[in-house]
Engineer: 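Just passing along the structure, written as structure tokens.
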2 protein chains.
Amino acid sequence: MFELDMRSRKPIYEQLVEKIKELIMNEVLKADEQLPSVRALATELTINPNTIQKAYRELESQGFIYSIKGKGSFVNPNNQTRDIEKIQSVKKDLEKLVLEALYLGIPAQEIIKLVQDLDASKGGGESHD
Amino acid sequence: MFELDMRSRKPIYEQLVEKIKELIMNEVLKADEQLPSVRALATELTINPNTIQKAYRELESQGFIYSIKGKGSFVNPNNQTRDIEKIQSVKKDLEKLVLEALYLGIPAQEIIKLVQDLDASKGGGESHD
DNA sequence: AAACTGTATTATGAATAATAGTACAGTTAA
DNA sequence: TTAACTGTACTATTATTCATAATACAGTTT
């Protein structure tokens, strides 16, 4: 499903959260699709089930998945969240990162193109290719 | 000089790195300007000198400051770095964050405006106002 | 020489991350 | 009902990281 960097200073459960968020946002994992069970993913990745659960709990609290006891964990549809705090937080992070990118000499035009491309591939994802 | 959130899960030295980077990128701290000494800043913020030094070391490795033994730590000019790895890393982070922002429903247009505004305030910083 | 600077080292306590093991509750299918 | 799944919760243990404390040393400035 994906690879983890066991040597990274970034905790495994955080890496898991990132990777799964990406899969959801890129619609590799589709709405209401079932995720691997805690134990199955733990076995596949050779890590502890508790670590998977910690990641799933975080994903649930961020609104990306929902879990039903006895059934499994599933991708949350419509994450067009009205969570204002979350949006403010992302905007702030974005501001920091864009500022740094510009400071490092990355042209504004290049960043804008990045945004446009991502936006296009997102909206245009409905078509069959 | 700034405030730290001692209750945050984010390490103090990382908060320091972020804050100082912002001050440098926003040209509050100007090229070759001297930073507070390790001990002075530690006293001012009521934290351990080792923590300050850890932050300064990180800032130096990221190319934002340079330190001279016996003299002090100073803001590095021309951080128009040719450090390709750093640039690639920032681009990747940017991609992740923009994707998340779009996914949360923030309009591409709003992100683009953010980039343009930051770029303008950066390039226009040369004038006297 | 005195008072600054950065830098390095060792030790200690607290918090976090990851593991291991066990247990319980809800679902599904035989 | 039973068996095999699911998520969830809890305790305990180990390793790592964070922050502190206390020194120490080297270079600079006055």
Side-chain angles (χ1 to χ4, degrees), chain A residues 1-21 24 29 31-77, chain B residues 1-21 24 29 31-77:
Chain A
M1 195 168 190
F2 33 56
E3 294 171 12
L4 299 174
D5 181 2
M6 306 304 285
R7 294 172 189 168
S8 168
R9 353 15 203 138
K10 177 165 292 188
I12 297 177
Y13 82 94
E14 280 188 21
Q15 293 184 48
L16 274 170
V17 169
E18 273 191 21
K19 299 273 188 187
I20 295 176
K21 273 167 69 172
I24 292 175
L29 293 174
D32 293 312
E33 181 173 339
Q34 182 164 9
L35 296 169
S37 78
V38 167
R39 291 171 181 81
L41 191 51
T43 300
E44 181 185 335
L45 299 177
T46 333
I47 59 183
N48 193 283
N50 293 334
T51 306
I52 306 289
Q53 199 208 336
K54 188 169 184 177
Y56 278 14
R57 194 190 309 140
E58 175 66 18
L59 284 165
E60 186 163 18
S61 88
Q62 286 189 33
F64 284 91
I65 70 174
Y66 61 94
S67 298
I68 304 176
K69 200 190 304 187
K71 300 193 72 171
S73 300
F74 307 86
V75 175
N76 211 339
Chain B
M1 195 167 189
F2 33 56
E3 294 171 11
L4 299 174
D5 180 2
M6 306 304 286
R7 295 171 189 170
S8 168
R9 6 314 165 223
K10 177 165 294 189
I12 296 177
Y13 83 94
E14 281 188 21
Q15 293 183 48
L16 273 170
V17 169
E18 274 191 20
K19 300 273 188 186
I20 295 177
K21 273 168 70 171
I24 293 176
L29 294 174
D32 293 312
E33 180 173 340
Q34 184 165 9
L35 294 168
S37 78
V38 167
R39 291 171 181 81
L41 190 52
T43 301
E44 180 184 335
L45 299 177
T46 335
I47 59 184
N48 195 283
N50 294 335
T51 305
I52 305 288
Q53 199 208 335
K54 187 169 186 179
Y56 278 14
R57 194 190 311 140
E58 174 67 19
L59 284 165
E60 186 163 17
S61 89
Q62 287 189 33
F64 284 91
I65 70 174
Y66 61 94
S67 298
I68 304 174
K69 202 190 304 189
K71 300 194 72 172
S73 300
F74 307 86
V75 174
N76 211 339

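Numbered from 1 within each chain, the chains take letters A, B, ... in sequence-line order.
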Engineer: Return the OH to CG distance between Tyr66(A) and Asp32(A), rounded to the nearest 0.5 Å.
Structural biologist: 3.5 Å
Engineer: Which of these nucleotides, dT8(D), dA18(C), dA20(C), is closest to any side-chain atom of Gln53(A)?
Structural biologist: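 Closest nucleotide among those given: dT8(D).
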Engineer: To the nearest angstrom, how far is Phe74(A) atom CZ from dG7(D) atom P?
Structural biologist: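 Distance, rounded to whole Å: 8 Å.
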Engineer: Which nucleotide wins on minimum distance to the side chain of Lys71(A), given the candidates dA17(C), dT28(C), dC18(D)?
Structural biologist: dT28(C)
Engineer: Quick check for you: to the nearest 0.5 Å, what is the distance between Asn76(A) atom CG and Gln62(A) atom CD?
Structural biologist: 12.0 Å
Engineer: Please report the distance, rounded to the nearest Å, between CD in Glu60(A) and C1' in dA9(D).
Structural biologist: 14 Å
Engineer: Counting heavy atoms from C-beta on, name the nucleotide in dT8(D), dA17(C), dA22(D) closest to the side chain of Pro11(A).
Structural biologist: dA17(C)
Engineer: For a quick test of reading the model, state the closest non-hydrogen atom pair linking Ala55(B) to Tyr13(B) and the distance between them.
Structural biologist: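 So the two residues come closest at CB-O, 3.7 Å.
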Engineer: Within less than 4.0 Å of OP1 or OP2 of dG6(C), is there a side-chain N or O belonging to Ser73(B)?
Structural biologist: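 Result: yes.
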Engineer: Find the distance Ile52(B):CD1 to dA21(D):P and express it as a whole number of Å.
Structural biologist: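 Result: 13 Å.
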Engineer: Atom CG of Leu16(A) to atom P of dA18(C): distance rounded to whole Å?
Structural biologist: 9 Å
Engineer: Starting at CG of Leu41(B) and ending at C1' of dG6(C), how long is that distance when rounded to a whole Å?
Structural biologist: 14 Å
Engineer: Check every atom of dG26(C), dA17(C), dC10(D) against the side chain of Lys69(A) and return the nucleotide holding the closest atom.
Structural biologist: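 Of the candidates, dG26(C) comes closest.
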Engineer: To the nearest Å, how far apart are Ile12(A) CD1 and dA15(D) C1'?
Structural biologist: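 Rounding to the nearest Å, CD1 of Ile12(A) and C1' of dA15(D) are 12 Å apart.
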Engineer: Taking OP1 and OP2 of dT5(C), is either one under 4.0 Å from a side-chain nitrogen or oxygen of Ser37(B)?
Structural biologist: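 For dT5(C), OP1 or OP2 has a side-chain N or O of Ser37(B) closer than 4.0 Å.
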Engineer: How do Gly70(A) and Arg57(A) order along DNA chain D: which one's closest nucleotide is nearer the 5' end?
Structural biologist: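 The 5'-side residue here is Gly70(A).
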Engineer: If I take atom CG from residue Leu45(A) and atom OG1 from residue Thr51(A), how far apart are they, to the nearest 0.5 angstrom?
Structural biologist: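 Here the rounded value is 10.0 Å.
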Engineer: When you measure from the side chain of Asn50(A), which nucleotide among dT8(D), dC18(D), dC10(D) comes out closest?
Structural biologist: dC10(D)
Engineer: Nearest 0.5 Å, please: how far is CD1 in Ile12(A) from NZ in Lys19(A)?
Structural biologist: 12.5 Å
Engineer: Which part of the nucleic acid, if any, lies within reach of Arg39(B) when heavy atoms closer than 4.0 Å are counted: base, sugar-phosphate only, or nothing?
Structural biologist: base
Engineer: Between dA17(C), dG7(D), dG6(C), which one does the side chain of Tyr13(A) approach most closely?
Structural biologist: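 Per side-chain heavy atoms of Tyr13(A), the pick is dA17(C).
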Engineer: Which value, rounded to the nearest 0.5 Å, describes the distance between Ile52(A) atom CD1 and Ile47(A) atom CD1?
Structural biologist: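 The CD1 atom of Ile47(A) is 3.5 Å from CD1 of Ile52(A), to the nearest 0.5 Å.
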Engineer: When you measure from the side chain of Asn48(B), which nucleotide among dT7(C), dA18(C), dA21(D) comes out closest?
Structural biologist: dA21(D)
Engineer: Of the nucleotides dG7(D), dA22(D), dC18(D), which one has an atom closest to the side chain of Glu14(B)?
Structural biologist: dC18(D)
Engineer: To the nearest Å, give me how far apart CD (Gln34(A)) and P (dT27(C)) are.
Structural biologist: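 Answer to the nearest Å: 14 Å.
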Engineer: May I ask you to verify if any side-chain N or O of Thr51(B) is less than 4.0 angstrom from the OP1 or OP2 atom of dC18(D)?
Structural biologist: no
Engineer: Could you state the atom-to-atom distance from CD1 of Ile47(A) to P of dG21(C) in whole Å?
Structural biologist: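 Result: 16 Å.
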